[in-house]
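Inspection log for the structure reproduced underneath, given as structure tokens.
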Amino acid sequence: MSEDRYLTVALGKGRLAKSAMEIFEAIGITCEEMKDKDSRKLIFVNEEYKMRFFLSKGPDVPTYVEYGAADIGIVGEDTILEEARNVYEVLDLGFGKCRMCVCGPKEAQEYLNHQELIRVATKYPRIAKNYFYNRKGQTIDIIKLNGSIELAPIVGLSEVIVDIVETGSTLRENGLVVLEEVCPLSARVIVNQVSMKMENERITKIITDLKKVLEERK
Ligand code: PRP
């Protein structure tokens, strides 16, 4: 496709965005404007490389990429698994490492060992359902929450939670523990399926350059 078309990259707001911009900088694609924390601008352009970057809520990144509103997305594996969109997952960026876990007060281990019908609070109903139903064969009630999931077992909304554990400090400070690990997680690059064909050369170059940087960092 013509070099005049802008390649659009969607980044999830929050923890991953800074590392994502850093790795693009490492392959020579910078976007100074994006570093201005006071800016309310939503989209940033690099004219030299004919690239656009935008920040969206993490769970929306795979949606933008599936529909082709973004050619490339950088987002956590947790979001990719939860959203289950039709996108190509092309690269593990190695940063944003954390784990998806079943957590709760340590006494709740019993409920897991004995396959009891329990309530599980989570921001990730698909991942939780898949884990309990398909991997453990345990029937549960899922309660969807939007954040501060650790509250749920403390105030009696659920017996356990399925949530991300990074440093473990949120759990520790609230008297909860990891009961079971669901899967390890990290930041990934996803690509729109049509863009992969139409913009193959440019996208492949970006992926190859990113891989080189990751190799050098090892
Ligand atoms: C995430 C996650 C845990 C916490 C884990 O929440 O849901 O609460 O980070 O990190 P830690 O192991 O380093 O303590 P986030 O801060 O993204 O906000 P949220 O609770 O509103 O989802």
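Nothing here was measured: the structure is a model prediction, and the numbers come from that model. In what follows, every heavy atom counts, from backbone to side chain, and hydrogens, waters and symmetry copies are set aside. In listed order, ligands and their atoms are each counted from 1.
Near ligand 1, Arg15, Lys123, Gly147, Ser148, Glu150, Asp163, Ile164, Val165, Glu166, Thr167, Gly168, Ser169, Thr170 each place a heavy atom less than 4.0 angstrom from the ligand.
Using modelled atom types, no side-chain atom of Glu77 and backbone atom of Ser186 make a donor-acceptor pair closer than 3.5 Å. Between the side chain of Asn86 and the main chain of Glu66, no donor-acceptor pair closer than 3.5 Å is present.
In this structure, the side chain to side chain donor-acceptor pair (under 3.5 Å) partners of Glu166, at least two apart in sequence or on a different chain, are Arg15.
Each ring pair (Phe, Tyr, Trp, His ring centres under 6.0 Å) pair with one or both residues in residues 28-69, not counting sequence neighbours, appears once here: Phe24-Phe53, Phe54-Tyr64.
Atom CG of Leu16 and atom OG1 of Thr79 lie 8.0 Å apart (nearest 0.5 Å).
When hydrophobic residues (I, L, V, M, F, W, Y) are linked wherever their side-chain heavy atoms come within less than 4.5 Å, the members clustered with Tyr124 are Leu81, Met100, Val102, Tyr111, Leu112, Ile118, Val120, Ile127, Tyr131, Phe132, Tyr133, Ile140, Ile142, Val160, Val162, Ile164, Val177, Leu179, Val182, Leu185.
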